[in-house]
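Just so you know, ligand 1 is whichever comes first in the structure, and atom 1 is the first atom listed for that ligand. What you are looking at is a predicted structure, and each value in this text was computed from that prediction instead of being measured.
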Amino acid sequence: MEMRYNEIKTVIEDSCAKVGRKVSDVTLIAVTKYVTIEETKKVFRLGIKDLGENREQGFLEKKQALNHAEINWHFIGPLQSRKVKQVINEVDMFHALDRLKIAKEINKRRETPVDCFVQVNVSGEASKGGVTVDDCLTFIEQLRPFQNIRVVGLMTMAPHTEDETAIRQVFRRLRQLRDEIKNQAHPHAPCLYLSMGMSNDYAIAIEEGATHIRLGTILVQPER
Ligand SMILES: *Cc1c(COP(=O)(O)O)cnc(C)c1O
């Protein structure tokens with residue numbers, strides 16, 4: 001795993017260099033959903049301090065087992081309404097906010113404001129979660145009354161395709177949308193960050209401005 005991590009760091013450095021960005025402006029989130037607690041501990045021992053899970057049970061298990069204050073815990077999948085209560089106060093960043101019902105529940109259950117990314121379905125694939133590009137601003141405006149939700153950025157998943165141009169366009173569109181919302185300077189939605197880029201497309205995502213990349217397969221499970 002260490003060799004893979006070193007290779008990934010090189011790709012991150014190269015992608016940043018290509019577009020004149022700082023490596024320190026890109027946070028690598030290790031997505032540990034495919035692996036055991038033991039493997040997750042190895043990830044932490046490599047020096048990775050940001051861990052991501054997409055299911056409530058896996059998230060709570062890993063957090064309990066790796067009880068280190070310096071870890072930032074990312075919940076990257078959709079939250080189920082009835083599980084919000086159990087999970088939300090354990091989360092440092094929630095990456096998949098796309099429904100008002102969940103926002104209400106988070107606001108009610110969370111004890112202090114939580115950093116959230118609004119998930120946007122830029123590619124329009126029916127299988128993907130997220131608000132549409134057209135609805136994003138309205139959705140963010142609807143979040144204003146929720147004092148325990150702070151919209152720190154936008155998240156997307158690129159389409160499953162070999163077409164690099166199509167992937168790049170999705171990331172570019174999310175960045176434009178982020179810039180637009182950021183410029184409006186909503187107090188509840190500073191919208192500074194871009195959570196985009198996974199194992200197959202993180203180099204492109206970094207070139208297009210990703211601040212948080214979410215890497216599972218390539219880091220923890222390369223044989224898949
Ligand atoms: C699983 C998952 C990832 C990681 O995907 P890989 O392709 O394995 O890197 C990233 N983001 C979300 C939301 C996921 O569910």
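- Of all protein heavy atoms, the one closest to atom 5 (O) of ligand 1 is Met198 CE, 3.5 Å.
- For the salt bridge (charged side-chain N to carboxylate O under 4.0 Å, His left out) with Glu208, the lone residue among Arg168, Lys18, Arg21 that qualifies is Arg168.
- Distances between N or O atoms of Tyr34 and those of ligand 1 include at least one value under 3.5 Å.
- Using the six-membered ring where Trp is involved, His95 and His212 have ring planes that are perpendicular, over 60° apart on the 30 and 60° scheme.
- Counting only non-hydrogen atoms, the option in His74, Arg214, Gln221, Lys33 that gets closest to atom 14 (C) of ligand 1 is Lys33.
- Looking at Ser123 and Glu125, their side chains do bring a donor and an acceptor atom within 3.5 Å of each other.
- Considering only non-hydrogen protein atoms, atom 9 (O) of ligand 1 sits nearest to Ser199 OG, 2.5 Å.
- Distances shorter than 4.0 angstrom occur between a heavy atom of Ile76 and an atom of ligand 1.
- Taking a cut-off of under 4.0 Å to the non-hydrogen atoms of Met157, the atoms of ligand 1 that pass are 13 (C).
- One distance of note links CZ of Phe171 with CD1 of Ile204; it measures 6.5 Å at 0.5 Å rounding.
- Atom NZ of Lys128 sits in a crowded spot, with more than 12 heavy atoms from other residues, nucleotides or ligands closer than 6.0 Å.
- The pair Glu39-Lys42 meets the salt-bridge criterion, since a charged nitrogen lies less than 4.0 angstrom from a carboxylate oxygen.
- Interface atoms of ligand 1 facing Thr217, defined by a heavy-atom separation under 4.0 Å, are 6 (P), 7 (O), 8 (O), 9 (O).
- Of all the atoms in ligand 1, the ones that sit under 4.0 Å from a non-hydrogen atom of Asn54 are 15 (O).
- Side-chain polar atoms of Gln176 and Arg173 form a donor-acceptor pair below 3.5 angstrom.
- Under 4.0 angstrom from ligand 1, the non-hydrogen atoms of Leu215 all belong to its backbone.
- Those atoms of ligand 1 that come under 4.0 Å of a heavy atom in Gly216, given as number and element, are 4 (C), 6 (P), 8 (O), 9 (O).
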